[in-house]
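Beneath this line is the structure, given in structure tokens, with notes to follow.
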Amino acid sequence: RRRKAESDGQRNPGRGSPSALANRCALRPSLELSPVPVMPRCLALILCKAAVHHRSSGQWDLLGAFWELEMPSFPGNVGPFAVWVALLNGAGRAPMALRIEHLTDRLEEDLVVEIRFTMEFTDPRVVRVYWALINELALDSPGHYRVALSAHGDALVQGYFIARHAPPPS
């Protein structure tokens with residue numbers, strides 16, 4: 001008897017009864033379920049002089065990895081170079097952004113360049129690679145620079161490089 005009374009929504013509109021559930025849902029008709037983006041995990045962010053993909057093997061050669069750039073004068077242009085990124089565990093379509101920012105002494109960031117792109121993740125177990133070839137990048141002054149990668153507007157990873165004056169030729 002007790003079991004029947006608890007499951008009967010008409011007599012006992014308790015927490016788990018069908019009519020109680022319908023009433024709770026009816027109170028919030030404007031709520032819709034939207035897919036929650038699955039954030040990919042960045043396995044690597046590498047700055048290098050060149051990135052070469054071998055289609056036959058699927059392998060990459062990253063040539064001239066660096067974290068310091070030497071320039072004869074500032075302001076000046078540097079390039080070409082590549083930013084190579086390997087990602088895993090994403091799901092679906094992900095709007096991404098790759099930003100290079102100058103970190104100033106005022107603890108602020110001055111945006112140098114932003115590259116927006118979209119990646120499609122069909123299998124979270126498959127590593128996805130993105131690389132950007134930057135032919136020419138204008139740097140106003142020597143100092144520390146950040147390379148930041150984000151997905152869905154949230155930060156994934158950041159790397160850094162230093163731009164400095166080249167030593168005089170000897």
[atom2] on [Y] to [atom1] on [X], rounded to 0.5 Å:
| X | Y | atom1 | atom2 | result |
| --- | --- | --- | --- | --- |
| Met119 | Arg93 | CE | CZ | 11.5 Å |
| Ser141 | Met71 | OG | CE | 10.0 Å |
| Trp84 | Tyr130 | CH2 | OH | 14.0 Å |
| Leu43 | Leu88 | CG | CG | 5.0 Å |
| Ile134 | Ile115 | CD1 | CD1 | 4.5 Å |
| Arg146 | Leu111 | CZ | CG | 11.0 Å |

Do the non-hydrogen side-chain atoms of [X] and [Y] ever get within less than 4.5 Å of each other?
| X | Y | result |
| --- | --- | --- |
| Val113 | Leu137 | yes |
| Leu87 | Leu149 | yes |
| Pro80 | Leu133 | yes |
| Asn89 | Val38 | no |
| Phe121 | Pro40 | yes |
| Val52 | Leu63 | yes |
| His152 | Pro95 | yes |

*Report, as yes or no, whether the 6.0 Å neighbourhood of atom CG on Asp154 holds more than 12 heavy atoms from other residues, nucleotides or ligands.*
yes
*If you draw a 6.0 Å radius around CD in Gln59, do more than 12 non-hydrogen atoms from other residues or ligands fall strictly inside?*
no
Would a single hydrophobic cluster contain both [Y] and [X], if residues Ile, Leu, Val, Met, Phe, Trp and Tyr are joined by side-chain heavy-atom contacts under 4.5 Å?
| X | Y | answer |
| --- | --- | --- |
| Val85 | Met39 | yes |
| Val127 | Leu156 | no |
| Leu62 | Leu69 | no |
| Val83 | Val157 | yes |
| Leu47 | Leu103 | no |

*So His54 and Asp61, side chain to side chain contact (heavy atoms under 4.5 Å, CB included) or not? Walk me through it.*
CA-CA 8 Å; His54 302 280; Asp61 285 333; 2.6 Å; yes
*Mind listing the closest non-hydrogen atom pair of Ser150 and Gly153 along with its distance?*
CB-C, 4.4 Å
*Taking all atoms of both residues into account, what is the closest heavy-atom pair of Pro72 and His165, and its distance?*
O-ND1, 4.1 Å
*May I ask you to say whether Glu70 pairs ionically with Arg164, meaning some side-chain N is under 4.0 Å from a carboxylate O?*
no
_Would Tyr160 and His144 count as a ring pair (Phe, Tyr, Trp, His ring centres under 6.0 Å) here? Give the steps._
CA-CA 7 Å; Tyr160 299 88; His144 295 265; 8.1 Å; no
*Please assess Phe74 against Leu139 for the test side chain to side chain contact (heavy atoms under 4.5 Å, CB included), listing each intermediate value before the final yes or no.*
CA-CA 7 Å; Phe74 290 92; Leu139 301 180; 4.3 Å; yes
_I'd like to check the ring-ring contact (aromatic ring centres under 6.0 Å, His included) partners of Tyr145; sequence neighbours left out, ordered by chain and number._
His102, Phe161
